[in-house]
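Accompanying notes for the structure given below.
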Amino acid sequence: MSATTWVPVIGLEVHCQLGTQTKLFCGCANRFGAEPNTLTCPVCTGQPGALPVLNQHAFDLALRAALALGCDIAPWSKFDRKNYFYCDLPKGYQISQYDRPYCSGGGITLASGKHVRLTRIHMEEDAGKAVHDAGNTTRVDLNRAGVPLIESVTEADMTSSEEAHAYLVALKEILQYAGVSDCDMEKGSLRCDVNISVHPEDEPWRTKVEIKNLNSFRNVSLAIEHEIGRQIAAYEAGAAIAQETRLFDPDRGETRTMRSKENEADYRYFPEPDLPPIPVDAALLERERGLLPEPAAERRARYRTELGLSEYDAGVLTSERGVADFFEAAVRASHDGTAKDLTNLITNELLAGLAGDEIEASTIAELPCKPHQLAELVALTQDGTITKKAARSVVREMMKTGRSPAELVRELGLEQVQDTGQIEAWCRSALEAKPQVIDAVRGGNDKAIGACMGAVMQASGGSANPEAVRDTLLRLIRESD
Amino acid sequence: MEGPDVDLVLETAALARLEVDAGEARTLGPQFAAILKHFEVLSELDVEGVEPTSVVSTELQVRTDEVRPSMPRDALVGNAPDPREGFYGVPRAIPKRDAGGQGGQS
Ligand SMILES: [Zn+2]
C-alpha cells in the first residue's frame, strides 16, 4: 500500500486591537478590564442619530502597521457597513472596509527564510462581548464595541502548524515594535482565525475550512494539527470535507462545526454613508515612516555583527522592544567594548529582577534605574574601581532605588582596594600562612597561587583588585629567593 | 408584474430576522418588484459627468485621540428591557450545548 503524501495549505486572518486611548469612532476609552458597559456612549451603543467621527490616531497606527509590514498604502480608502445580526453588535452592522481597504500586499519573511505574503489589511471596529449564562440569557458588555482593529489576511502560503506559529510570533513582534498594539492575547488584543485545507501532493487544492475562536498561539498550533488530522482521516475514509466554519474547543483539543446561523456569509456590504473616503497624504505617510523603529530581526543581526554578541544574547535583548531600547541607550552612553558586560547586567540582573516578586515594575522602562546609570556602573568595573561581582550587587540595589552607582559603591564599601601597601600586607600574611605555595610556584606550578589569592580576597572582603593581588603575590615569591 | 422569486424573499426576510411564510412571500414578491420599479425612475436622471457619491459630505472630519466621558451606565443599560448587573440581558444567543463560551463574530 502506497501512502499518500498530504500537503496542508494554511492561511491566517489576524485581528489586532490598536493601542489608542479611545475607540475608533467615539471618545469612549479603549481600555480592557473596566466594569461592564461603563465605557459606552450613544455612538458605540448604536443609538439612532449618533454619528461616527474617525479617530485620527487609530488611522495613523494602522498606517504604521502597514508600513512595518511592507504593504502598499492606497491613496484613499473607505469604510463600508458589514450587516449581520448578533447581540454583541448594537447597530446591526459593523463598520469595516470591504472593496477599498487602506492597504494591500506586503508580508513577513520568517527566520527560516520562508516568505508569507499578506493579501491585505483593513480597519474595522470591534464588536462587544457576549457571555452566555447557564440559563436562557446571554449577557452583553459593549465596552469593547467600537475599539479599533486591523484585520490582516495572509495568502495561503503556510504548510504546517510550525510555520503558522512562526508567522504569528513574527507578526506580534513587528506590531509590538512598531507601537501599534500590545498584542496581548490574554486581553484579546490579538485574535486569530485559520483557513486550512489538505490535498495530495501534485493534486489541486481542496475545500478549505475556517477555524475561529483561537485565543492563544498554542491553541492555533493545536487546532491546525487537529484539523490536518481530521481532514486527512476523512479523505482516506472516502468522505468529503464540507466548506464550513468550525470552532476550536481548547478543553477537548478538537474542532467542531459552528451553528449554521453563525455561518451566514451574506453580509450585504455597502458604503458607510456617514463617513467620507479617507485620503492619505504624503506628509502623513512620511511622518509615520519616520516613527518606525528598526525591526527586531535587524537589531538582532546588528548586535551580533557590530557588538559581537551571541545569537542567544541578541535574542533575549530583542525579545521586547523596551529591553532592546534600554540596552541601546546604555550602549550609546558607554565606551566601546562594553556591550557584553551591559548584556550580562540586563539579562542576568534586570530581567531576572523584573520576573521576580521583589521589584514592583513590570517593564524595564518602569525601573527606577536608567540606561546611563548602567553605563556608569560598567565604567566603574572597567576602570577597576569595583569588581564585576560587586557590580551585580550594585545593580540589584539600583533597580530598587534608582540611586547612582558611584554613591552605592561608596555606601556599600565595594571600592576595590588599590592601596598597594595594604594589598602587600595581606599578601605577606597569606604567604606566611601557606609557605608551601612558594615552593610550588617556584617549581613551576603557577596554579598553586590560587590558594593565597583566595585568602587575600577573603581578608579584603572581596574588595582587593584580583589582578593587583596576583601581581603582588608573584613579585613577593620572586623577591623571597 | 413579475416579482423576485419566493426563495429570494424568504432569504431576505431571514437575513432581516423577519418571520415571513411562503404565502406572504408570494404576496410580497410583486410588491418588492413595484418598489424597485419605482426606484428606476431615478435612473432616468442624466448624471453624465457627475461624480458618483455614497456620502453626504466629502470632507472627512477626524478627532484627536482624547478620552471623553462615557455615558452613565444606568442611562443606557437602565433603558434596556432586561438589565442584569450592568450587562444587557438578551435571549440566549447560542444553543445550550455551547454553554460557557463567548460568542460573536468579528
Ligand atoms: Zn462610545
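- The number of heavy-atom neighbours closer than 6.0 Å to OH of A:Tyr269, taken from other residues, nucleotides and ligands shown, is above 12.
- Considering only heavy-atom pairs separated by less than 4.5 Å from chain B, the leading option among A:Leu39, A:Asn83, A:Val43 is A:Leu39.
- Screening residues 53-68 of chain B for salt bridge (charged side-chain N to carboxylate O under 4.0 Å, His left out), with sequence neighbours left out, gives no hits.
- Counting heavy atoms from C-beta outward, B:Glu11 and A:Asp266 have side chains that approach closer than 4.5 Å.
- Counting only residues at least two apart or on different chains, the salt bridge (charged side-chain N to carboxylate O under 4.0 Å, His left out) pairs with a member in residues 53-62 of chain A are A:Asp60-A:Arg287.
- If you take CG on A:Asn37 and OG on B:Ser70, they are separated by 10.5 Å, rounding to the nearest 0.5 Å.
- In this structure, the separation between OH on B:Tyr88 and OG1 on A:Thr138 is 15.5 Å, given to the nearest 0.5 Å.
- Annotation: residues 76-83 of chain B contacts chain A through B:Leu76, B:Val77, B:Asp82 [non-hydrogen atoms, separation under 4.5 Å].
- Remark: A:Tyr86 OH to B:Arg17 CZ distance equals 11.0 Å, nearest 0.5 Å.
- From B:Gln61, atom CD reaches atom CG of A:Asp274 across 12.5 Å, with rounding to the nearest 0.5 Å.
- Chain B is approached within less than 4.5 Å, heavy atom to heavy atom, by A:Thr20, A:Gln21, A:Thr22, A:Lys23, A:Leu24, A:Phe25, A:Cys26, A:Gly27, A:Cys28, A:Ala29 from residues 20-30 of chain A, ordered by number.
- Between the CZ atom of B:Phe87 and the CD atom of A:Glu35 there is a distance of 8.5 Å, given to the nearest 0.5 Å.
- No part of A:Pro52 comes within reach of chain B, as not one of its non-hydrogen atoms sits under 4.5 angstrom from that chain.
- When atom types are taken as modelled, the side chain of B:Arg84 and the backbone of A:Arg139 share no donor-acceptor pair closer than 3.5 angstrom.
- The distance from the NZ atom of A:Lys78 to the CG atom of B:Leu60 is 14.0 Å, given to the nearest 0.5 Å.
- Interface summary for chain A: among B:Ala16, B:Ala14, B:Pro72, the most heavy-atom pairs under 4.5 angstrom belong to B:Ala16.
- Checking side-chain atoms of B:Arg73 against main-chain N and O of A:Thr40 turns up no donor-acceptor pair under 3.5 Å.
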